[in-house]
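Worksheet: the structure to be examined is printed underneath.
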Amino acid sequence: MSEEKNDVLEKIVSLCKRRGFVYPSSEIYGGFGAVYDFGPYGVELARNIREAWWTAMVRDHENIVGLDSAIFMHPKVWEASGHVSGFSDPLAECRKCHTRVRVDHLLEEAGVFADEKMTETEINALFSENKEKIVCPKCGQKDFTEAKAFNLLVQSNLGNFTGDWTKEPTYLRGETCQGIYVNFKNVLDSSRVKVPFGIAQIGKAFRNEITARQFIFRKREFEQMEMQYFVHPKQAEAVYEEWRVKRFQYYLDLGIKKEHLHWHQHENLVFYVKVAWDIEYKFPFGFKELEGIHNRSDYDLSQHSKFSGVDLSYRDPQTNEKYIPWIVETSVGLDRTFLAVMTEAYTEEVVGEDTRIVLKFPKKLAPVQVAIFPLMKNKPELVEKARKIFTMLKKNFRVEFDDNGNVGKRYRRQDEIGTPYCVTVDFDTIGQGEDKTIEGTVTVRDRDTMEQTRVKIEELEKYFL
Ligand code: GAP
């Protein structure tokens with residue numbers, strides 16, 4: 001990772017804290033590894049990202065419906081899914097300082113690519129072949145134990161009031177899609193969907209990630225936005241390609257530059273995944289997975305049929321053919337999208353003697369869309385007029401009233417939270433300025449061009465729409 005790239009991540013982390021986007025969890029207790037909280041502007045940005053995803057996936061598709069399944073599920077779900085036996089990362093220990101490290105990450109830093117889906121034996125073979133290149137990030141030694149698979153499921157004692165709950169744990173879900181599979185029949189029986197159709201869900205997922213790094217890129221508690229599309233086996237390949245095209249376009253529509261997106265195809269696949277492509281984004285630490293698009297075959301519904309004893313096959317009402325639908329999955333993290341949107345928006349511009357930091361969010365994602373300023377906070381006529389504009393605009397836009405400090409300072413603050421427009425009510429607005437011809441107008445300042453235009457108050461809504 002070059003210093004320059006590190007630098008950008010550090011600047012984003014610092015801005016996120018300073019302006020109330022992201023805080024480390026439980027910070028007054030020293031933080032809590034790989035867990036983060038969204039602050040006042042972060043929570044708004046996250047909501048807007050969720051909304052954009054929901055619109056693109058559910059509202060824009062007649063045959064995709066939503067779901068909100070519980071975080072806790074019957075423990076057998078995770079046996080059926082393969083997570084209890086096989087959801088793990090390769091962990092090794094430095095023999096000198098006993099630091100535990102993720103072997104695939106160390107290999108990656110040494111320029112050797114270890115696919116997430118490799119077995120323990122395959123990882124160990126790669127690890128031994130490349131030991132000379134791999135150093136402990138803490139003490140710099142090259143002596144490690146063998147890599148062991150470390151299960152990532154997070155356990156809890158929910159519902160267990162006696163005995164040793166660690167022997168029969170309930171899990172916090174490791175991915176949201178399992179809630180979709182176990183509700184496949186419910187949705188089919190209670191709504192008017194017919195294959196092909198999709199079920200979409202946004203919700204928290206939990207993983208005991210070994211290495212906490214790269215800010216909110218890899219969290220232990222995070223949010224997924226997943227869609228499972230159920231198709232006839234013969235349609236799976238073509239439908240998969242359609243979703244690849246749609247999902248790539250979605251990021252362009254979110255304002256991400258084409259040259260900052262990459263396709264990466266997984267070569268070593270778990271047996272039930274037929275094809276897996278990632279959309280990678282150019283994060284400050286390099287191109288990394290943003291979204292996974294998977295052809296999961298009939299594995300999930302077959303496994304849940306087998307473990308639950310409930311037949312999850314589908315009978316085509318027209319042909320009467322009975323089959324287990326195949327699943328095309330699109331899966332992206334909200335937090336990763338958040339970091340991608342932040343990275344894309346983060347801009348430093350030299351203005352005169354100063355450097356201006358500005359988040360150039362697309363207008364639909366900006367936490368605040370219009371900020372309204374009275375020129376001075378101790379002039380009741382200015383404040384009253386600005387308040388009226390605030391009340392008028394809040395019906396259609398996310399607005400903020402800001403009367404703190406001089407207008408220059410307020411512009412800088414709004415630039416740093418990515419507000420596309422600032423409206424200033426001054427003495428001309430209220431007919432007490434020198435130019436009486438512009439009474440009833442306000443200054444609208446554009447975030448990106450910094451240009452200022454006079455707009456009539458009654459035309460403001462139309463102007464912003
Ligand atoms: N249901 C498929 C699935 O969960 P995955 O590749 O493990 O596949 C899908 O995860 C997406 O979820 C990733 O592309 C990423 O955006 C997000 N994600 C996974 N682990 C994450 C973590 N620890 N922190 C933040 N986001 C994560």
Side-chain angles (χ1 to χ4, degrees), residues 22 25 33-36 38 46 49-50 53 67 69 73 77-78 80-83 86-89 102 104-105 115-117 150-154 171-182 198-229 243-244 247-248 250-251 254 256 261-266 268-270 272-281 283 285 287-297 299-300 303-304 327-343:
V22 181
S25 161
V35 186
Y36 291 88
F38 285 131
I49 292 172
R50 274 189 216 106
W53 186 88
L67 181 81
S69 68
M73 301 169 80
V77 167
W78 303 104
S81 68
H83 283 73
F87 186 49
S88 56
D89 278 338
R102 234 181 104 168
D104 53 334
H105 285 167
D115 199 287
E116 276 177 25
K117 279 129 192 161
F150 175 79
N151 193 287
L152 300 184
L153 280 179
V154 176
Y171 301 99
L172 278 78
R173 66 182 172 202
E175 57 180 7
T176 53
C177 57
Q178 295 301 328
I180 295 181
Y181 307 144
V182 300
I199 304 179
Q201 166 157 240
I202 301 178
K204 290 269 174 127
F206 302 81
R207 294 182 189 177
N208 222 345
E209 298 283 0
I210 299 161
T211 33
R213 50 175 211 173
Q214 290 155 343
F215 193 36
I216 57 172
F217 178 81
R218 195 177 303 284
K219 294 164 80 179
R220 294 194 173 121
E221 175 182 341
F222 59 101
E223 206 167 314
Q224 286 187 315
M225 306 189 283
E226 297 199 301
M227 193 280 298
Q228 311 295 312
Y229 203 75
W243 278 107
R244 277 187 58 196
R247 292 305 300 157
F248 197 88
Y250 163 84
Y251 290 106
L254 223 53
I256 294 184
L261 296 165
H262 251 180
W263 282 108
H264 165 75
Q265 184 171 23
H266 284 269
N268 297 294
L269 299 169
V270 275
Y272 61 88
V273 173
K274 297 290 171 210
V275 200
W277 283 88
D278 291 341
I279 297 178
E280 295 187 336
Y281 174 71
F283 289 100
F285 34 84
F287 275 102
K288 294 273 178 221
E289 175 181 345
L290 174 59
E291 163 157 349
I293 303 169
H294 312 126
N295 176 346
R296 301 180 63 120
S297 72
Y299 176 79
D300 305 285
Q303 283 294 97
H304 286 302
I327 292 171
V328 172
E329 166 184 66
T330 76
S331 174
V332 58
L334 168 76
D335 314 86
R336 280 196 197 174
T337 312
F338 188 110
L339 186 56
V341 166
M342 267 279 166
T343 308

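One-based numbering, in listed order, for ligands and for the atoms of each.
Heavy-atom contacts of Gly292 reach the following atoms of ligand 1: 14 (O) (cutoff under 4.0 Å). Residue Phe217 approaches ligand 1 through these ligand atoms, each under 4.0 Å from one of its heavy atoms: 24 (N), 25 (C), 26 (N). The ligand atoms of ligand 1 that sit less than 4.0 angstrom from a heavy atom of Glu329 are 1 (N), 2 (C). With ligand atoms numbered from 1 in the order given, ligand 1 contributes 14 (O), 15 (C), 16 (O) to contacts under 4.0 Å with heavy atoms of Leu290. Close approach to Glu291 involves these atoms of ligand 1, each under 4.0 Å from a residue heavy atom: 14 (O). In summary, the atoms of ligand 1 found under 4.0 Å from a heavy atom of Gly333, numbered by their order in the structure, are 12 (O), 15 (C), 16 (O), 17 (C). Remark: ligand 1 atoms within the under-4.0 Å shell around heavy atoms of Glu226 are 1 (N), 2 (C), 3 (C), 4 (O). Applying the 4.0 Å criterion to heavy atoms of Glu289 picks out, from ligand 1, the atoms 6 (O), 13 (C), 14 (O).
For Gln201 and Glu226, the side-chain atoms include no donor-acceptor pair closer than 3.5 Å. Checking Glu291 against Tyr251 by side-chain atom types alone, a donor-acceptor pair falls below 3.5 Å.
Exactly one of Trp277, Phe248, Phe287 qualifies for a ring pair (Phe, Tyr, Trp, His ring centres under 6.0 Å) with His262. That residue is Phe287.
Of all the heavy atoms of Arg218, the ones lying under 4.0 Å from any atom of ligand 1 are found in both the backbone and the side chain. Only the side chain of Arg296 comes within 4.0 Å of ligand 1, counting heavy atoms alone; its backbone N, CA, C and O stay farther away. Neither the backbone nor the side chain of Thr337 has any atom closer than 4.0 Å to an atom of ligand 1 (non-hydrogen atoms only).
A heavy-atom distance below 4.5 Å is not found between the side chains of Met227 and Arg247. Using a 4.5 Å heavy-atom threshold, the side chains of Cys177 and Glu329 count as touching. In this structure the side chain of Leu334 never reaches within 4.5 angstrom of the side chain of Trp53, judged on heavy atoms. The shortest distance between side-chain heavy atoms of Tyr171 and Val154 does not fall below 4.5 Å. Looking only at side-chain heavy atoms (C-beta outward), Gln214 and Phe283 stay at 4.5 Å or farther from each other.
Inclusion of Glu175 in the set of residues having an N or O under 3.5 Å from an N or O of ligand 1 is warranted. Not one N or O of Cys177 is nearer than 3.5 Å to an N or O of ligand 1, by distance alone. Taking any N or O of Val332, backbone or side chain, none lies under 3.5 Å from an N or O belonging to ligand 1. In terms of polar-atom proximity, His294 is not counted as a contact of ligand 1, lacking any N or O under 3.5 Å from an N or O of the ligand.
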task = Could you give me the CA-CA distance, side-chain angles and deciding distance for Asn208 and Asn151, then say whether side-chain contact (heavy atoms from CB on, under 4.5 Å) is met?
result = CA-CA 8 Å; Asn208 222 345; Asn151 193 287; over 6 Å; no

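Shown here are the side chain to side chain contact (heavy atoms under 4.5 Å, CB included) partners of Val182, two or more places apart in sequence or in another chain: Met73, Val77, His304.
Counting only non-hydrogen atoms, the option in Ala276, Ser331, Ser81 that gets closest to atom 9 (C) of ligand 1 is Ser331. The option from Arg207, His266, Lys219 that lies nearest to atom 23 (N) of ligand 1, judged by heavy atoms, is Lys219.
For an aromatic pair to be called close, the ring centres must be under 6.0 Å apart, and Phe217 with Phe285 satisfies this.
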